[in-house]
Amino acid sequence: MKLTLLAASAILAFTTAAPTPEPILNNSTLSARGTDAPYGIKKGLAYNNGAITDILSRPGSATWAYNWGAAQHAPKFQQIPMYWGPGNQGDVNGIHAKINAGDTPWVLGYNEPDVTREHGGCNASPRQAFDAWGNDMWRFAERGPKLVCPAVSSWDTDRGHTGGPSGLTWLRQFVGFARDPNNLRCGAQALHWYGEDGRDGRYQADLFIRYVERAHGVVNDIFRKEMDLWITEFAPLPIGNVQIMADFLDVVIPWLDRAPYVARYSPFMAEHLVSNGQLNVAGNMFVNRRG
């Protein structure tokens with residue numbers, strides 16, 4: 001999605017076209033696997049307004065944050081920078097400044113190249129993204145941080161809103177151009193997910209868990225190895241309904257905390273967890289719910 005807040009109607013127009021599986025509550029046994037997030041806490045914040053992150057700073061809760069850019073406005077958190085899109089669509093100097101300061105172990109790759117700019121993506125074909133990836137991203141990896149491969153939407157199809165592939169189909173083509181997936185130098189894969197309007201929070205939580213479980217297997221197949229996942233945008237619909245978000249987070253946070261292949265997660269978005277300068281019901285659930 002965009003750096004600026006999107007209207008719920010715009011997000012709905014993008015997400016409801018995606019096919020949705022039947023909800024099944026997952027009862028599989030999950031065990032913890034290491035995350036390099038501070039204090040071993042995977043929970044993070046996706047934000048625009050750095051002041052909002054101060055309200056969400058609580059002991060034992062979120063430890064890292066990002067803002068679709070060079071991430072300089074949430075000093076209470078480990079700030080992970082993003083290079084937003086292929087070519088001159090990222091803050092190179094800002095990212096290098098964070099690396100110089102020893103502040104970041106990771107750099108996030110492109111934001112939703114499988115999505116149109118109208119809906120917040122950087123809109124690049126798999127070929128365009130691959131051709132730019134080395135020039136854009138390896139200069140950071142050569143200085144130490146690990147790379148997160150481009151975040152893709154959950155609409156998995158040959159013809160998405162850009163007219164080309166989207167979701168895991170886009171990712172498979174992007175990685176395929178590398179021949180050997182290790183050539184991309186990615187240590188994790190980022191995923192985005194938005195729910196189904198008209199459903200309650202717990203139903204949408206089941207859909208989310210089903211999607212991440214399936215995506216985990218597909219991503220491993222694409223990269224030919226076990227890959228950690230970062231779920232860097234996810235939310236039930238409609239965006240901004242704090243009770244639905246609270247019910248959703250009540251289910252998914254314990255699951256995410258226990259899922260061994262989820263290294264980090266950040267719901268969309270910090271601004272929706274705070275109302276009138278205080279934690280709302282969704283914000284309280286976010287900071288207090290544990291795995």
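Basis for what follows: all heavy atoms, side chains included, without hydrogens, waters or symmetry-related copies.
- The disulfide (SG to SG under 2.5 Å) check on Cys186 picks up Cys149, with sequence neighbours excluded.
- Residues forming a salt bridge (charged side-chain N to carboxylate O under 4.0 Å, His left out) with Arg214 (at least two apart in sequence, or on another chain): Asp156.
- Between Phe268 and the options Phe234, Tyr194, Tyr47, a ring-ring contact (aromatic ring centres under 6.0 Å, His included) holds for only Tyr194.
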**Request:** Let me see the working for Phe140 and Trp138 under side-chain contact (heavy atoms from CB on, under 4.5 Å), right down to the final yes or no.
**Result:** CA-CA 5 Å; Phe140 307 129; Trp138 291 350; over 6 Å; no
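- Arg199 places no side-chain N or O within donor-acceptor distance of the main-chain N or O of Tyr203, the cut-off being under 3.5 Å.
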**Trace of the side-chain contact (heavy atoms from CB on, under 4.5 Å) decision for Leu147 with Leu184** = CA-CA 9 Å; Leu147 304 180; Leu184 296 168; over 6 Å; no
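- Hydrophobic clustering places Leu207 together with Val218 (ILVMFWY residues linked when any side-chain heavy atoms are closer than 4.5 Å, directly or through intermediates).
- Remark: Arg127 is positioned above the aromatic ring of Phe177, its terminal NZ or CZ atom under 6.0 angstrom from the ring centre and at most 45 degrees off the axis.
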**Asked** Trp84 and Glu112: side-chain hydrogen bond (donor to acceptor under 3.5 Å, both in side chains), yes or no, with the steps?
**Response** CA-CA 9 Å; Trp84 190 79; Glu112 295 184 350; over 6 Å; no
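- At least one cation-pi condition fails for Lys43 and Tyr265: the charged atom is not both under 6.0 angstrom from the six-membered ring centre and inside a 45 degree cone around its axis.
- Between Arg185 and Glu142, at least one side-chain nitrogen of the basic residue sits less than 4.0 Å from a carboxylate oxygen of the acidic one, meeting the salt-bridge criterion.
- For the residue pair His216 / Glu226, a side-chain donor-acceptor distance below 3.5 Å is found, with atom types taken as modelled.
- No hydrogens or angles considered: a donor-acceptor pair under 3.5 Å links the side chains of Ser153 and Asp114.
- Here Met245 contributes atom CE and Leu237 contributes atom CG; the two are 10.0 Å apart, rounded to the nearest 0.5 Å.
- Counting heavy atoms from C-beta on, the side chains of Pro105 and Ile80 come closer than 4.5 Å.
- Inter-residue side-chain proximity for Lys225 and Asn182 is flagged as met; some heavy-atom pair is nearer than 4.5 Å.
- Aromatic ring centres of Trp230 and Trp64: separated by under 6.0 Å.
- Side-chain atoms of Asn67 never come within 3.5 Å of backbone atoms of His73 as a donor-acceptor pair (strictly under, hydrogens ignored).
- Leu191 CG to Leu168 CG: the interatomic distance, rounded to the nearest 0.5 Å, is 6.5 Å.
- Under a 4.0 Å N-O distance rule, the pair Glu213/Arg210 does not qualify as a salt bridge.
- The cluster map of Ile, Leu, Val, Met, Phe, Trp and Tyr, joined by side-chain heavy atoms under 4.5 Å apart, puts Leu279 and Ile52 in the same cluster.
- Here the straight-line distance linking atom CG of Asn288 with atom CG of Asp250 works out to 11.0 Å at 0.5 Å rounding.
- Side-chain contact check for Val107 versus Met82: every heavy-atom pair is 4.5 Å or farther apart.
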**Message:** For Arg290 and Ile253: C-alpha separation, side-chain torsions, deciding distance, then whether side-chain contact (heavy atoms from CB on, under 4.5 Å) applies.
**Reply:** CA-CA 7 Å; Arg290 304 284 192 275; Ile253 286 176; over 6 Å; no
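- Within the 4.5 Å cutoff, the side chain of Phe77 has no heavy atoms near those of the Thr63 side chain.
- If you look at Trp193 and Phe208, their ring centroids are closer than 6.0 Å.
- Taking CG from Asn280 and CG from Leu273, the interatomic distance works out to 6.0 Å, rounded to the nearest 0.5 Å.
- Exactly one of Lys98, Gln78, Gln79 qualifies for a side-chain contact (heavy atoms from CB on, under 4.5 Å) with Thr104. That residue is Lys98.
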**Pair Asp36-Trp106, side-chain hydrogen bond (donor to acceptor under 3.5 Å, both in side chains): steps then yes or no** = CA-CA 10 Å; Asp36 69 349; Trp106 293 87; 2.6 Å; yes
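- Listed by chain and number, the residues in a salt bridge (charged side-chain N to carboxylate O under 4.0 Å, His left out) with Asp200 amount to none (sequence neighbours excluded).
- Although no hydrogens or angles enter the test, the distance criterion places no donor-acceptor pair under 3.5 Å between the side chain of Asp221 and the main chain of Gly217.
- Lys42 contributes a side-chain N or O that, together with a main-chain N or O of Ala259, makes up a donor-acceptor pair within less than 3.5 Å.
- Side chain of Ser266 to main chain of Leu45: no donor-acceptor pair is present (N/O by atom type, distance under 3.5 Å, no hydrogens or angles).
- For Gln128 (side chain) and Ser125 (main-chain N/O), a donor-acceptor pair under 3.5 Å exists by modelled atom type.
- Shown here are the salt bridge (charged side-chain N to carboxylate O under 4.0 Å, His left out) partners of Arg139, two or more places apart in sequence or in another chain: Asp136.
- Using bins of under 30°, 30° to 60° and over 60° for the plane-to-plane angle, the ring pair Phe174/Trp170 lands in the parallel bin.
- Atom CE of Met227 and atom OH of Tyr261 lie 14.5 Å apart (nearest 0.5 Å).
- With sequence neighbours excluded, no residue forms a salt bridge (charged side-chain N to carboxylate O under 4.0 Å, His left out) with Lys76.
- A donor-acceptor pair shorter than 3.5 Å can be found between the side chains of Asn100 and Arg143.
- Within the model, atoms CD1 of Ile231 and CG of Leu229 stand 5.0 Å from one another, a figure rounded to the nearest 0.5 Å.
- Counting all heavy atoms, side chain and backbone alike, Pro238 lies closest to Ile244 at CD-CD1, 3.9 Å.
- Counting only heavy atoms from C-beta outward, the side chains of Thr116 and Glu118 approach each other to under 4.5 Å.
- Grouped by direct or indirect side-chain proximity (heavy atoms under 4.5 Å, Ile/Leu/Val/Met/Phe/Trp/Tyr only), Val242 sits with Val281.
- At a threshold of 4.0 Å, the pair Asp228-Arg264 does not count as salt-bridged, since none of the basic side-chain nitrogens sits closer than that to a carboxylate oxygen.
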**Prompt:** What's the verdict on side-chain contact (heavy atoms from CB on, under 4.5 Å) for Asp91 and Tyr83, showing C-alpha distance, side-chain angles and the deciding distance?
**Reply:** CA-CA 7 Å; Asp91 183 355; Tyr83 195 89; over 6 Å; no
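- Between Thr232 and Ala151, the shortest heavy-atom distance links the atoms OG1-CB, 4.3 Å.
- Heavy atoms from other residues, nucleotides or ligands lying under 6.0 Å from CG of Asn88 number 12 at most.
- A donor-acceptor contact shorter than 3.5 Å is absent between the side chain of Thr157 and the backbone of Gly160.
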**Request:** Apply side-chain hydrogen bond (donor to acceptor under 3.5 Å, both in side chains) to His192 and Ser154, showing your working.
**Result:** CA-CA 6 Å; His192 291 176; Ser154 56; over 6 Å; no
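- Under the 3.5 Å distance criterion, the side-chain polar atoms of Gln204 are matched with a main-chain donor or acceptor of Glu196.
- Between Asn123 and Pro113, every side-chain heavy-atom pair lies at or beyond the 4.5 Å cut-off.
- Without hydrogens or angle criteria, Asp257 side chain to Gly291 main chain gives a donor-acceptor distance under 3.5 Å.
- Looking at Tyr39, its side chain never comes within 3.5 Å of a backbone N or O of Ser61 through a donor-acceptor pair.
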